[in-house]
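Side chains are part of it too, since the values below use all heavy atoms of this structure and drop only hydrogens, waters and symmetry mates.
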Amino acid sequence: MISAVVFDVGETLVDETREYGTWADWLGVPRHTFSAVFGAAIASGLDYREAFQVFQPGFDLDRERQARADAGQAEWFGEGDLYPDVRPALSKLREMGVWVGIAGNQTLRAGALLRGLDLPADLIVTSDDWGVQKPAAGFFEKLIEIAPCPADEIIYVGDRIDNDVSPAKSAGMRTAYTQRGPWGWIHRNKPEVADRSDWRIHDLTELPGIVAGENNSR
């Protein structure tokens with residue numbers, strides 16, 4: 001039985017192309033160059049924040065976020081940054097009586113922006129809200145505590161094996177790997193994708209059919 005579906009944020013619901021472009025601008029490097037270095041860091045198995053170190057050694061992401069905010073260039077995303085399948089997928093799941101959650105590694109500001117979009121979800125929360133970040137087990141334990149069903153009735157949907165799929169699987173959830181965004185494409189052939197995800201999807205609108213298929217087979 002699937003009673004809940006919970007979504008990661010970046011590159012699962014929100015296309016971060018524009019946001020990372022603004023980071024390239026902030027660093028004073030061409031956007032194409034920043035994207036290439038960003039992808040190389042991911043492909044090498046490094047933390048994505050290492051890409052910033054290439055251009056500015058000693059770069060502190062939290063400090064620079066505050067500096068951007070102080071300069072009137074705070075992080076921002078809106079309706080146009082949502083992937084086009086987000087509202088149709090979330091709305092259909094809600095219509096089916098599925099509890100829908102949104103929970104990812106995001107700032108307090110990003111959480112406020114998400115809630116301001118009035119998405120069809122029962123829960124919208126960020127790691128900064130909880131004081132614990134993925135892939136820490138505590139993040140997923142908190143999610144299971146809040147969800148209205150046992151862990152094995154939850155599908156966690158994300159684009160990353162390391163931060164999303166694998167730790168959610170270890171917490172006892174079902175998992176769906178969405179193949180989009182830098183991590184989704186670069187890591188798509190890793191054996192962990194097959195080992196740790198119950199489903200591989202290319203479009204969020206596949207999820208209502210997956211849920212219906214699981215629930216109707218019981």
Side chain to side chain contact (heavy atoms under 4.5 Å, CB included) between Val211 and Asn215, worked out: CA-CA 6 Å; Val211 172; Asn215 292 350; 3.5 Å; yes
Within 45° cone and under 6.0 Å: Arg31 NZ/CZ vs Tyr20 ring: no
From CG (Leu114) to CG (Leu13), nearest 0.5 Å: 7.5 Å
Straight-line distance of Ser217 OG to Met1 CE, nearest 0.5 Å: 10.5 Å
Chi angles and distances behind the side chain to side chain donor-acceptor pair (under 3.5 Å) call for Gln66, Asp62: CA-CA 6 Å; Gln66 185 58 53; Asp62 291 335; over 6 Å; no
Side chains of Ile154 and Ser3 in contact at under 4.5 Å (non-hydrogen atoms): no
For Thr22 against Glu19, the heavy-atom pair lying closest together: OG1-O, 2.5 Å
Verdict with supporting geometry, Leu123 and Leu143, side chain to side chain contact (heavy atoms under 4.5 Å, CB included): CA-CA 10 Å; Leu123 172 74; Leu143 179 55; 4.0 Å; yes
For Thr175 against Lys169, the heavy-atom pair lying closest together: CG2-N, 3.7 Å
Cluster overlap Ile124 with Ile146, hydrophobic side-chain contacts below 4.5 Å: no
Side chain to side chain, Phe7 and Leu204, heavy atoms closer than 4.5 Å: yes
Side chain to side chain, Val6 and Ile102, heavy atoms closer than 4.5 Å: no
Expected output: side-chain Tyr48 to main-chain Gly39 donor-acceptor under 3.5 Å: no
Nearest non-hydrogen partners of Pro120 and Ser91, listed with the distance: CG-OG, 3.5 Å
Intermediate values then yes/no, side chain to side chain contact (heavy atoms under 4.5 Å, CB included), Arg18 and Asp81: CA-CA 8 Å; Arg18 189 181 54 77; Asp81 297 297; 3.1 Å; yes
Residue pair Asp8 / Asn163, side-chain heavy-atom distance below 4.5 Å: no
Hphob cluster co-occupancy, Leu61 + Leu27, side-chain heavy atoms under 4.5 angstrom: yes
Closest non-hydrogen atom pair between Pro135 and Pro167, with its separation: O-CB, 3.7 Å
Trace of the side chain to side chain donor-acceptor pair (under 3.5 Å) decision for Arg196 with Ser170: CA-CA 9 Å; Arg196 303 296 283 171; Ser170 295; 2.6 Å; yes
Set of residues satisfying salt bridge (charged side-chain N to carboxylate O under 4.0 Å, His left out) with respect to Asp128, sequence neighbours excluded: none
Lys134 backbone acceptor or donor facing Asn105 side chain under 3.5 Å: yes
Centroid-centroid under 6.0 Å between Tyr177 and Trp185 rings: no
Side chain to side chain contact (heavy atoms under 4.5 Å, CB included) between Leu119 and Leu82, intermediate numbers included: CA-CA 10 Å; Leu119 291 164; Leu82 294 176; 3.8 Å; yes
Closest contact, heavy atoms only, Ile155 versus Trp199: CD1-CZ3, 3.6 Å
Distance in Å, Tyr83 OH paired with Asp15 CG, rounded so as to fall on 0.5 Å steps: 4.0 Å
Spatial distance of atom OG1 (Thr178) from atom CG (Asp164) [nearest 0.5 Å]: 10.0 Å
Pairwise side-chain contact, Gln179 with His187, heavy-atom cut-off 4.5 Å (strictly under): no
Exercise: identify the closest heavy-atom pair between Ala176 and Leu207: CB-CD2, 4.2 Å
NZ/NE/NH1/NH2 to OD/OE distance under 4.0 Å, Asp159 and Arg180: no
Donor-acceptor contact below 3.5 Å, side chain Gln53 vs main chain Gly58: yes
Pair Arg174 + Glu214, salt bridge at N-O below 4.0 Å: yes
Test item: Ile210 and Asp198 side chains (from C-beta on) under 4.5 Å apart, heavy atoms: no
Close side-chain approach of Glu79 and Leu117, heavy atoms under 4.5 Å: yes
Path from Trp23 to Trp76 over hydrophobic side-chain contacts below 4.5 Å: no
Main-chain N/O of Pro182 paired with Glu11 side-chain donor or acceptor, under 3.5 Å: no
Partner set under ring pair (Phe, Tyr, Trp, His ring centres under 6.0 Å) for Trp130, not counting sequence neighbours: Phe139
Minimum side-chain heavy-atom gap Leu93-Trp99 below 4.5 Å: no
Qualifying salt bridge (Lys or Arg N to Asp or Glu O under 4.0 Å) pairs, either residue in residues 97-123, two or more places apart: Arg94-Asp122, Arg115-Asp129
Same apolar cluster (I L V M F W Y, side chains within < 4.5 Å links), Ile186/Phe34: yes
Met173-Ile2 co-clustered via ILVMFWY side chain contacts under 4.5 Å: no
Pairwise distance OG(Ser166) to CZ(Arg160) - rounded to 0.5 angstrom: 12.0 Å
Step-by-step side chain to side chain donor-acceptor pair (under 3.5 Å) determination, Thr126 to Gln106: CA-CA 5 Å; Thr126 71; Gln106 301 288 328; over 6 Å; no
Close aromatic pair by centroid cut-off 6.0 Å: Trp26 and Phe52: no
Point-to-point distance, once rounded to the nearest 0.5 Å, from CZ of Arg49 to CZ of Phe38: 10.5 Å
Worked verdict on Thr107 versus Glu75 for side chain to side chain donor-acceptor pair (under 3.5 Å): CA-CA 9 Å; Thr107 63; Glu75 66 175 324; 2.3 Å; yes
